[in-house]
Each structure stands twice: as structure tokens, then as C-alpha cells.
Number of protein chains: 2
Amino acid sequence: MSATRERPTLEAVARLAGVSRATVSRVVNGSPTVAEPIARAVRQAVAELGYVPNLAARSLVTQRTGSFALIMPEAATRVFSDDQVFPGIIRGVSQELEDADKQLVLMLAGSAAGHERVERYATGRHVDGVLFASLHGDDPLPGRLARLGIPVVSGGRPPGGAQVPYVDVDHVGGVDRAIRHLIASGRRRIATVAGPQDMIAGIERLAGYLAALREADLRSIVAVGDFTRESGAVAMRELLTDDPKLDAVFVASDLMAHGALHALRVAGRRVPEDVAVIGFDDIELATYTDPPLTTVRQPILQIGRRMTRQLLRLAAGEQIEPAVVLPTELVLRDTA
Amino acid sequence: MSATRERPTLEAVARLAGVSRATVSRVVNGSPTVAEPIARAVRQAVAELGYVPNLAARSLVTQRTGSFALIMPEAATRVFSDDQVFPGIIRGVSQELEDADKQLVLMLAGSAAGHERVERYATGRHVDGVLFASLHGDDPLPGRLARLGIPVVSGGRPPGGAQVPYVDVDHVGGVDRAIRHLIASGRRRIATVAGPQDMIAGIERLAGYLAALREADLRSIVAVGDFTRESGAVAMRELLTDDPKLDAVFVASDLMAHGALHALRVAGRRVPEDVAVIGFDDIELATYTDPPLTTVRQPILQIGRRMTRQLLRLAAGEQIEPAVVLPTELVLRDTA
DNA sequence: TTGTATGCGTTATCAC
DNA sequence: GTGATAACGCATACAA
């Protein structure tokens, strides 16, 4: 029982079981064409030696690895702030991959170096397919991988218009319902804290806000954040400066909304009496803010699951829809 | 530019450059023993063909993969709740690995199936080493991997006493300072919401609480949660039932403390006037609770970084300390 | 049903 | 400095 015992190979198992390597391979891979007594002997030898297949060798010949990459083109700080969106996607992907008995390889690609390493990794055929949790600007990577024949699915429509299959939610519809609700409850000076304008979620939600206000013939008041809580607070302060009499604000993410609530409290505004607030996402935090946050729910877990299912189908050689759009829903709590 | 173009191999590059495979390999791996003109020609051919080394083939011969696994023996729900502890560790690990130009493979092993898949993956030599973000009970996996000669480092002392090198923080010292602070400010009925008792963080923080109260000759009041926000709220309600007159509570994690604050507000208790609250972790949320949370800071990012450095040294064949313990610190805000 | 032989794409050990 | 050539550990077409 030495600590650095040689790893047993197929060969060793074959010798011990008194059969050929091929037979051992068949047993290990569950081929039905092996006589039961022999199979038993082989399994016995496998157990005795503690044999585990070398995955590198296997994937060298099978041309597949059984693992899939989920790429977060974000700084780690952003992925793991307490914004629950990325984590939710990770969970969805993880669940679906687990069901398929595939391995998840999570890659953070915030830095340029990280981006490059991801590319090497994926093109090096370390994975059978690649998921992008989000995309910034017109990142060329997904298109490049797809062109190399590597199955790729994106979370959110690629902002640059890259031709990559994606799964997204109905941002505009959700925002529209939120704004209508504010208007219906008598609000007239409706501002927004928008998300980053190089991400599709930021772009679409702002577009939705602008369209809804235009239709209602109301003036728009915009400040831009970057989906962090801190940026939400900063943007809220800007808005209050721009228009001290604003009576509602649609914030493009719950985390930013939390920051905004904080800023409003500091500024002495009551929510919802003075200012109504609606967020977007419906992460767990939304239930625990003070007061609990009215928000547009997006099915975060489902995004991850759906992306994964699409990718698995793609990797299996099936044809898939170029776009899947999931519904959003307005969840009424106490801030609007 | 066909979508499923054959991948170029070393052979192809060699042919195009008019040299041998060995030479191409040398150039690709940056060997200095290649004449510059030839090296240039090879690089040219590599670029032209878009050659990328097949990592499976490479690791088959080098016996190393350049990637390391970070295993979260938790349900995904827990890892990616908005508790920032696991994410913080992931970030630390990710940063340090990035600096070393190594790949991070994140594996969730909450379910039994997941646990088994992780074992196959690691013993299958898909990674050069393994990090456990936390350990439950006496999980046999880390010990098993270590015995197979796979470098392993644990985050937190293994509760079961497994002989695996680990990085942990000074739980007891931190809790002790928290309790002393409560006593010094006149609190006498000090309760605790403990963490899960199969995790070292839960065990040690409760032990620290009990020891500090015993020393001060005060009565202990204990409820147990599982590090989720909801469990913090539930436990807080229990405590209020047990002793309606309690005037302070040490909560073993900030997220549970958030739940506890919520429960206290609902119960009509003012914080800190009626009840003082101290958390543990100092995640970003602690700054944003209402009121901002006094808490014991642990250097979460550093835990991840330090674990990774230890693992890299281990994988490089160096000898490492069996235990590294990082300091904690009391951060005073408004709840105590 | 089982065994033999071959190849997957690299790196490493030699000669040259 | 460069080029053959032998592993690395496995899966599979083909033969028996």
C-alpha cells in the first residue's frame, strides 16, 4: 500500500484476469458481448488492482472527453459578487450536466490572459463543447470556436451579432410589464438604473424601458450601472440629483436595486411612498430587502438547464434552434 | 474554411515547414535548441494551419494535465446561495491558478453520484491535484486520493481527522473576541446560532462560543442552523422562544445573521438596543444589512489563495506544512 | 465470444 | 541542432 504505487493499466488487469486487453476494455465499457464468467473475473481483477481508466488515453482514441466548459467572460469578482445570476446559471448547467453524467469545467475568463487560456483549452479539445454564461461586446471567441467545429451555446443573445445559438429571456416584455405597473399605480417621473451597455441584458432592459416610456409619452431619466450593488447606489444618487422629484425607478438588476434602496434610505426617501422601486432578476435577496423588492423574475436556473440541453444535443450531432427565449414575469412585493 | 475542418496535427505542421515532428514539438514547447530560421518557419506553419496541440495526447506522455480540481462537497444550492464564502474561495483559487497559468476545474459533488464522478475524474488523472473547498463529517475521499499519490489540500481542518494538509482560520480566537466584546458592552444573556455540526466551521465556532461563555460563567443558549439565511431566521425565532429576554446573539455566519436580523425585526426587537448581533465571515452583505453588521472577518480570498499555493508546491514535489492557520478579526459596525 | 494488431497525437531518448 | 523511433494507455476493426 505504498503512497506512490504504480497505476495499474488495462494490461495489468488483463494479465491478472488471464484475458486480453481488449476483453478488459469491453468489460470496463460495459459491452454486452462478453461471457458472464469472464466478465466476473475481469471485474474481480479490476477491483483487486483498483484499476481506473486513464482518461487522457481514452479520449485520445475516442476523440471525446465527457466534459463541457462553462465560460464566464467576467472578472471573478463579478461572477461571485452576491449577485445570484451567474451562480444560478452555474447551478442549472451543473444539474443538467450531472443528469447526463458529464463533467463541468468552469472557466473564468475575465482577464485577457484568462481569455487566451480558455481558447487554448477549448481548441485543445479538452472539452466536448462550450457554454458562454454571458458575452461582452462582440467577443470573437464563440464564433471562432464554432467555426472550428466545437459545439457552442451562448447565454443571452450575443451583443455583437455573432452567429451562435443562444438561450435568452424576454427582457423587453418583462420591463414593459414593470413600467406599465408603475404607471398604473400613478407614477409619472419614472427613472431607470440601467445595466452595462456592452451586455445584452443591459442593452435590452434599457431599450425596454425607453420604449415603454416613449409609448406612455413620459420623459426618461437614465443612469448607468454595471450590475454591482455599489454601482446601483451611485447611480441612484445621480438620479436623485438629476430629478429630486422622481417618484419611481426601474433598476435593471436586483443587486443594483439593493444598492439603490440603500441610497434612497440615506437620502431620506421612503419606499414605496415617495419612490417606487422595481428590480430585475428575482434573486433570493429580493425577499429579504427592506422592504421586500418588487421585481421582474427571470428563470435563471432554467436558462442554465436549457443552454446545457441545447449544447448536449449539438454535441450529439443534432440540429438545434438558433434561439430559445424564456418568459419573464412581474413579481409584486412591497416596493412598488 | 469548412466548419468541420480536420484538426491539424504536429505531423501536418512538420510537413508544411519541411522539418520533423520532433522539431515542431520543440518549437511549440519553447525549447532553446532550435535554430532561429527553422523556428520561424515552424511558427509560420503553425499559424497558417491554426495548429493547437492536442492536450490529451500531450498529457498521456507527460503524465500531467496542467489543470487542478476544486471540489465543493456541497449541493449546488449551498455553494451558490448568496453566501459569499464558497464563491470567495473559488475566486482566491482562481486567481492563484491563473497566476500559475493552470486551469481550474470546478466540481460540485453534493449528490452521491456527483461524489462518485469526482472520484473517477480525479483518479482518472484528469487533474494534477485536488482542492476540497470544505469537508463534511469524515468524508473518505480526500484520504483516498492522497493515498493514491494525488496531491490534495483541504479548506478547513478535516472534521473526521483525515491526514490531509489543510488551510484554515482561527475560528475560536475570532469568536472569543466577539463574545468578549459583547460582555464588555454589558450583555449577559448571550445566545448563539451555530452552524452545521458536521463541518469544521460549524463545530469550531460553537466550541469557541461555549468556551467563552463558560469562562465568563454565563449560561449558553444554542440553536443550530445550516449556514443558510432561512435557517438563521428559524433559529433566531427558536432562541427568542427559549429566552425572550436574550440581549445578544452570536451568529456563526453573516448570511444566517441576515436571516436573524429579519426575524428580530419581525419579532419587534430593536438592534442593537434590545439585542446585539455579531456575525462571522464579513462578506459584502454585512455592509448593507440594516443596520450594518458587526462581524468576525475571515480572510476568505486568502484561504483560497493559500490552499492553491500549498497544492502547487505539493504537486511540484515539495514538502509542505500539514496545517496553515490564518487570523480572524472583529469588525465593529452597528449591530453590536 | 475472444484475441491480435493498429492508431490516436504527443513527448522523450537516442543517434546522427 | 535535428531526425528517427519508441513509448504513453486505451478502443476498435478485423481475424479467428
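Residue numbering restarts at 1 for every chain, and letters A, B, ... go by the order of the sequence lines.
Nearest heavy-atom pair across A:V85 and A:I300 is O-CG2, 3.4 Å. For the pair A:L141 and A:F132, the tightest heavy-atom approach, listed with the atom from each and the gap, is CG-CZ, 3.9 Å.
The stretch residues 35-48 of chain B touches DNA chain D through B:A35, B:I38, each having a heavy atom under 4.0 angstrom from the strand.
Atom-to-atom, OH of B:Y51 to C1' of C:dT10 comes out at 7 Å; the value is rounded to the nearest Å. The nearest whole Å value for the distance from the CD atom in B:E11 to the P atom in C:dT11 is 14 Å. For the pair B:L55 CG and C:dG9 P, the computed distance is 14 Å after rounding to whole Å. Here D:dC10 presents its P atom at 13 Å from NE2 of B:H126, a figure rounded to the nearest Å. Rounded to an integer number of Å, the gap from CZ of A:R21 to P of D:dT12 is 14 Å.
Among the protein residues, A:V34 comes within range of the sugar-phosphate backbone only, with heavy atoms under 4.0 Å from sugar or phosphate atoms but none that close to a base. As judged by a 4.0 angstrom heavy-atom cut-off over every strand, B:V52 is placed among residues touching the sugar-phosphate backbone only. Residue A:L10 is in sugar-phosphate contact alone, with no base atom involved, counting any heavy-atom pair closer than 4.0 Å across all strands shown.
Looking at heavy atoms from C-beta onward, B:R313 lies in side-chain contact with B:E321 at the 4.5 angstrom threshold. For the pair A:L326/A:R306, a side-chain contact is recorded, criterion being any heavy-atom separation below 4.5 Å from C-beta on.
OP1 or OP2 of D:dA11 has not a single side-chain nitrogen or oxygen of A:Q63 nearer than 4.0 Å. Proximity of A:S20 to the phosphate of C:dG3: a side-chain N or O atom is located under 4.0 Å from OP1 or OP2. For C:dT11, the OP1/OP2 oxygens have a side-chain nitrogen or oxygen of B:N29 closer than 4.0 Å. OP1 or OP2 of D:dA11 has at least one side-chain nitrogen or oxygen of A:S25 nearer than 4.0 Å.
Toward the 5' end of DNA chain D, the nearer of the two residues B:T23 and B:V61, judged by each one's closest nucleotide, is B:T23. Comparing A:A22 and A:P32 by the nucleotide of DNA chain C whose heavy atom lies nearest to each, the residue mapping closer to the 5' end is A:P32.
Taking the six-membered ring for Trp and thresholds of 30 and 60 degrees, A:H126 and B:H126 have ring planes more than 60 degrees apart, a perpendicular arrangement.
The neighbour count for A:E11 CD, taken as heavy atoms of other residues, nucleotides or ligands under 6.0 Å away, is above 12.
Rotation axes derived from the C1' atoms of the five outermost pairs at either end of the helix from C:dT1-D:dA16 to C:dC16-D:dG1 lie 40° apart, to the nearest 10°.
Here the nucleotide nearest the side chain of A:N54, chosen from C:dG9, D:dG9, C:dT11, is D:dG9. When distances run from any side-chain atom of B:L60 to the nucleotides D:dC8, D:dA4, C:dG3, the shortest one goes to D:dC8. Checked against D:dT2, C:dT10, C:dA12, the side chain of B:A57 finds its nearest nucleotide in C:dT10.
The closest donor-acceptor contact from the side chain of B:S154 to the backbone of B:R157 lies at 3.5 Å or more, if one exists at all. Remark: side-chain polar atoms of B:T62 are paired, donor with acceptor, to backbone N or O of B:R58 under 3.5 angstrom.
Looking at A:R91 and A:E96, no side-chain N of the basic residue comes within less than 4.0 Å of a carboxylate O on the acidic one, giving no salt bridge.
Distance check: A:I200 CD1 to A:D168 CG gives 6.5 Å after rounding to the nearest 0.5 Å.
A donor N or O paired with an acceptor N or O is found under 3.5 Å between the base of D:dG3 and the side-chain atoms of B:R26. Not a single donor-acceptor contact under 3.5 angstrom links the side-chain atoms of A:R125 to the base of C:dT10.
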